[in-house]
Colleague: 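Got a structure here, written out as structure tokens. Questions coming.
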Amino acid sequence: FDSDTANNENETEVGINGEAAVYYSIIGLSFRGETYEELYTQQEGALNLRLIGTSHQSTHLILTAGGRIFEDEADGEVRQTFYGGDISLYLLPFLGFDGRYRRYLNAENDEQTTEIESTRTQWGMFIDISFFRIFTYQFEENFDYKTISTGSKVEQQIKGTGLGVRLYF
């Protein structure tokens, strides 16, 4: 994980990311939590609609919408709504690529001092071994912060690499 702000101050952080989802036919609910102790934490819940594909372990296209609680030390807590999509493309029965897009809509923090909005993209590859998936991905999130009292704007970009295992049942 690397935080690259407009004034080129870089920090390297290690974080933890966890996800869980449950589907009934083409409708699903998902939860994702992410923590980078020195920078931010976030939790998001979403309603998902699978438009293409028979399962998450097949080539698929999923539309998603939900809410996120984003919290950092500087601006406190922000509750945002978002929309986006997930896509997976299998190249072989056990190997594929996936991508994710999220658009987090403009919202004020609890103190009503800052507005935040962002866009996150994520792309990677995976190997399925029965009901296990080993995956790696790159992500990038571009934040726009606006101080309400002065109107000043700050842009921040974070990007990083993830590696993990998923369990399907």
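The structure presented is a predicted model; accordingly, all values stated were derived computationally and were not measured.
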Colleague: Atom CZ in Arg79, atom CD1 in Ile116: separation rounded to 0.5 Å?
Modeller: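 One finds 13.5 Å between CZ of Arg79 and CD1 of Ile116.
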Colleague: According to side-chain contact (heavy atoms from CB on, under 4.5 Å), who are the partners of Leu29, at least two apart in sequence or on a separate chain?
Modeller: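 If we apply the side-chain contact (heavy atoms from CB on, under 4.5 Å) test to Leu29, skipping adjacent residues, the hits are Val22, Leu47.
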Colleague: If you measure from NZ on Lys159 to CG on Asn142, what distance do you get to the nearest 0.5 Å?
Modeller: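 The distance works out to 9.0 Å.
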Colleague: Can any side-chain N or O of Thr64 pair as donor or acceptor with the backbone N or O of Gly84 at less than 3.5 Å?
Modeller: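 Between the backbone of Gly84 and the side chain of Thr64 there is no qualifying donor-acceptor contact (under 3.5 Å).
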Colleague: Indicate whether any N or O donor in one side chain lies under 3.5 Å from an N or O acceptor in the other, for Glu34 and Tyr40.
Modeller: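 Present: a donor and an acceptor within the cut-off.
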Colleague: Looking at Val78 and Ala107, what are the two nearest heavy atoms and their distance?
Modeller: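 Answer, listing the atom of Val78 first, then Ala107: CG1-CB, 3.8 Å.
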Colleague: Can a donor-acceptor pair be found, under 3.5 Å and without considering hydrogens, that links the side chain of Glu19 to the backbone of Arg32?
Modeller: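 Not at all, since once roles are kept as given, no pair shorter than 3.5 Å links the two residues.
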Colleague: Do Ile148 and Thr113 have side chains that get closer than 4.5 Å, going by heavy atoms?
Modeller: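 A side-chain contact is absent here, since even the closest heavy-atom pair is not under 4.5 Å.
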Colleague: At what distance, to the nearest 0.5 angstrom, does CG of Asp72 lie from CD of Gln156?
Modeller: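 Here the interatomic distance stands at 8.0 Å.
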Colleague: Hey, could you give me the CD/CD distance between Gln138 and Gln122, rounded to the nearest 0.5 Å?
Modeller: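 Gln138 atom CD to Gln122 atom CD measures 10.0 Å (nearest 0.5 Å).
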Colleague: Does Phe70 belong to the same Ile/Leu/Val/Met/Phe/Trp/Tyr cluster as Leu39, with side-chain heavy atoms less than 4.5 Å apart forming each link?
Modeller: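 Result: yes, single cluster for both.
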Colleague: Taking Glu141 first and then Arg68, would you say they form a salt bridge - that is, a charged N and a carboxylate O separated by under 4.0 Å?
Modeller: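 Result for this pair is yes, salt bridge flagged.
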Colleague: What residues form a salt bridge (Lys or Arg N to Asp or Glu O under 4.0 Å) with Glu108, not counting sequence neighbours?
Modeller: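 Listed in chain order: nothing, the list is empty.
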Colleague: Taking only residues two or more places apart in sequence, or in another chain, which ones meet Leu92 in a side-chain contact (heavy atoms from CB on, under 4.5 Å)?
Modeller: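 With neighbours one apart ignored, the set is Phe94, Leu95.
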Colleague: Sequence neighbours excluded, which residues qualify as ring pair (Phe, Tyr, Trp, His ring centres under 6.0 Å) partners of His56?
Modeller: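 Once residues adjacent in sequence are excluded, the partners of His56 under the ring pair (Phe, Tyr, Trp, His ring centres under 6.0 Å) criterion are His60, Tyr168.
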Colleague: Leu167 and Ile16: same hydrophobic cluster, using ILVMFWY side-chain contacts below 4.5 Å?
Modeller: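 No; tracing contacts between hydrophobic side chains, which count when under 4.5 Å, never links both residues.
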Colleague: Does one hydrophobic cluster hold both Phe31 and Tyr83, with members joined at side-chain heavy-atom distances below 4.5 Å?
Modeller: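 Phe31 and Tyr83: separate clusters.
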Colleague: Name all residues meeting the salt bridge (Lys or Arg N to Asp or Glu O under 4.0 Å) criterion together with Asp128; count only those two or more places apart in sequence or in a different chain, and write none if there are none.
Modeller: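 In terms of salt bridge (Lys or Arg N to Asp or Glu O under 4.0 Å), with neighbours along the sequence ignored, Asp128 is linked to Arg133.
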Colleague: Apart from Trp123 itself, what residues make up its hydrophobic cluster, given side-chain heavy atom links below 4.5 Å?
Modeller: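 Under the 4.5 Å side-chain rule, Trp123 groups with nothing.
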Colleague: Is the closest side-chain heavy-atom distance between Gln80 and Leu105 below 4.5 Å?
Modeller: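 Contact flag for Gln80/Leu105 side chains = no.
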Colleague: May I ask you to test the Asp98-Ile87 pair for a side-chain heavy-atom distance under 4.5 Å?
Modeller: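 Contact flag for Asp98/Ile87 side chains = no.
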Colleague: Counting C-beta onward and ignoring hydrogens, is there a side-chain heavy-atom pair between Arg102 and Asp86 closer than 4.5 Å?
Modeller: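 Arg102 vs Asp86: side chains touch.
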Colleague: By side-chain contact (heavy atoms from CB on, under 4.5 Å), which residues pair with Ile52, not counting sequence neighbours?
Modeller: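 Residues passing side-chain contact (heavy atoms from CB on, under 4.5 Å) with Ile52: Leu61.
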Colleague: Check the hydrophobic clustering (I, L, V, M, F, W, Y; side-chain heavy atoms under 4.5 Å; chains of links allowed) and say if Leu89 and Leu51 are grouped together.
Modeller: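 As far as the 4.5 Å side-chain criterion goes, Leu51 and Leu89 are not connected within one cluster.
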Colleague: Could you tell me if Arg120 sits above the aromatic ring of Phe139, with its cationic atom closer than 6.0 Å to the ring centre and no more than 45 degrees from the axis?
Modeller: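 Relative to the ring axis of Phe139, which defines the angle, Arg120 lies inside both limits.
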Colleague: Residues two or more places apart in sequence or in another chain: which of them pass salt bridge (Lys or Arg N to Asp or Glu O under 4.0 Å) with Arg50?
Modeller: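 Testing Arg50 for salt bridge (Lys or Arg N to Asp or Glu O under 4.0 Å), a comparison that skips the adjacent residues, returns none.
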Colleague: Just jot down the salt bridge (Lys or Arg N to Asp or Glu O under 4.0 Å) partners of Glu117, sequence neighbours excluded, or say none.
Modeller: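 Salt bridge (Lys or Arg N to Asp or Glu O under 4.0 Å) check on Glu117 returns Arg103.
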Colleague: Rounded to the nearest 0.5 Å, what separation is found between the CD atom of Glu44 and the OH atom of Tyr104?
Modeller: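 These two atoms lie 3.5 Å from each other.
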Colleague: With sequence neighbours left out, what residues match Lys146 under side-chain contact (heavy atoms from CB on, under 4.5 Å)?
Modeller: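 Applying side-chain contact (heavy atoms from CB on, under 4.5 Å) to Lys146 gives Glu115, Lys153.
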Colleague: Would you confirm whether Thr136, through its side chain, and Gly162, through its main-chain N or O, come within 3.5 Å as a donor-acceptor pair?
Modeller: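 Checked: pair present.
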Colleague: Roughly how far apart are Glu140 CD and Thr121 OG1, rounded to 0.5 Å?
Modeller: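 OG1 of Thr121 is found 5.0 Å from CD of Glu140.
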Colleague: Run through Phe135, Phe132, Tyr90, Phe97 and flag the one making a ring pair (Phe, Tyr, Trp, His ring centres under 6.0 Å) with Phe126.
Modeller: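 So the option named by the test is Tyr90.
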Colleague: Considering only residues two or more places apart or on different chains, which pairs with a residue in residues 145-165 satisfy ring pair (Phe, Tyr, Trp, His ring centres under 6.0 Å)?
Modeller: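 Only Phe143-Tyr145 qualify under ring pair (Phe, Tyr, Trp, His ring centres under 6.0 Å).
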Colleague: Indicate yes or no for a side-chain donor-acceptor contact from Asp75 to the backbone of Thr114 under 3.5 Å, with no hydrogens or angles considered.
Modeller: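 Looks like no, no N/O pair under 3.5 Å.
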Colleague: Would Tyr36 and Ile158 show up in the same hydrophobic cluster when neighbours are defined by side-chain heavy atoms closer than 4.5 Å?
Modeller: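 Hydrophobic grouping puts Tyr36 with Ile158.
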Colleague: Which residue pairs satisfy the side-chain hydrogen bond (donor to acceptor under 3.5 Å, both in side chains) criterion with at least one member in residues 22-31, sequence neighbours excluded?
Modeller: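 Passing the test, one end in residues 22-31: Ser30-Asn48.
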